[in-house]
Amino acid sequence: MKVIEAKDYQDMSKLAADYIIRKVSHSPKIKLGLATGGTPLGIYANLIADHQKNGTSYQGVTTFNLDEYIGLSGTDPNSYRYYMNHNLFDHIDVQKQNTFVPRGNADDIEKECIDYEKLIKNHGGIDLQILGIGSNGHIGFNEPGTSFDTETHVVQLTASTRQANARYFNSLEEVPTKAITMGIASIMRSKEILLLISGEKKTEALNRLLSGNVDENFPASVLKRHPYVTIIADKAAIADLKVNS
Ligand code: PGA
């Protein structure tokens, strides 16, 4: 795993966006794996600014998001479909029909999982997957203890993940208890992975990722087995690391 140190959140976002823009310019039909949460917001803002200023085109790009809450429709402001439309897709020239997010309100959720995995495979797989990391090491919504063999599946969210995401909802009770997520095996099949880590809250996770063992109790550790992972971490995430280690 290659680690790039960014000065701060803005710098991390710019470096990651520039990385993605280079890939899209070089491969206009690239299949991108996308993430939600607080971390990638700055990247998406940079992609939009670049699209407006330099005209980088996403017309041939296909996107697959990592996960979605079960029970929320795509028009619910807390759904990840809404997040993606609002924070990226509505502001660039990607074709909406080529943007995929699992449907959290599908009638048959198990079938939705199987179909989503097939969809990714039928498109030839993901070329570049953008990832964040939870403080507990989760990637996507794959919580500690998830088998490394999993494909897209239904998960029960842990109390700590629901707590961490409660900031977007009116109350903790409103945070869904289940989600659909690409599995660890699905993520590992991406040809390349770009992992973003920002802030002191993530230092422990970064520390464990860099110096710990590969262990299903810390899902992100599986990335050590992937041949092509780049981590962009800001100083806040790295600074304490030096103090702790
Ligand atoms: P965050 O979430 O970007 O909101 O910190 C990352 C994650 O939980 O994967």
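In each ligand, atom 1 is the first atom listed, and ligand 1 is the first ligand listed.
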Distance from atom 3 (O) of ligand 1 to nearest protein heavy atom, with residue and atom:
Thr39 OG1, 2.5 Å
Any heavy atom of Lys202 sitting closer than 4.0 Å to ligand 1?
yes
What is the closest protein heavy atom to atom 7 (C) of ligand 1, and at what distance does it sit?
His138 NE2, 3.4 Å
Counting from 1, what ligand 1 atoms have a heavy atom of Gly134 closer than 4.0 Å?
7 (C), 8 (O), 9 (O)
Within the structure, does Gly38 bring an N/O atom to less than 3.5 angstrom of an N/O atom in ligand 1?
yes
CG (Asp108) with more than 12 external heavy atoms under 6.0 Å:
yes
Please determine which of Thr177, Thr36, Asn165 meets the side chain to side chain donor-acceptor pair (under 3.5 Å) test together with Tyr69.
Asn165
Asn207 and Ser211: side chain donor to acceptor below 3.5 Å:
yes
Donor-acceptor pair, side chain of Lys23 and main chain of Ile30, under 3.5 angstrom:
no
Polar proximity ligand 1 side, Tyr168 side, N/O cut 3.5 Å exclusive:
no
By salt bridge (charged side-chain N to carboxylate O under 4.0 Å, His left out), which residues pair with Asp127, not counting sequence neighbours?
Lys191
Enumerated ligand 1 atoms positioned under 4.0 Å from heavy atoms of Gly37
3 (O), 4 (O)
Between Lys7 and Asp234, is there a side-chain heavy-atom distance shorter than 4.5 Å?
no
re atom 6 (C) of ligand 1, the protein heavy-atom contact at minimum distance is Ile133 O, 3.6 Å
Can you sort out which atoms of ligand 1 are near Arg167, meaning under 4.0 Å from one of its heavy atoms?
4 (O)
Side chains of Phe148 and Asp215: does their closest heavy-atom pair fall under 4.5 Å?
no
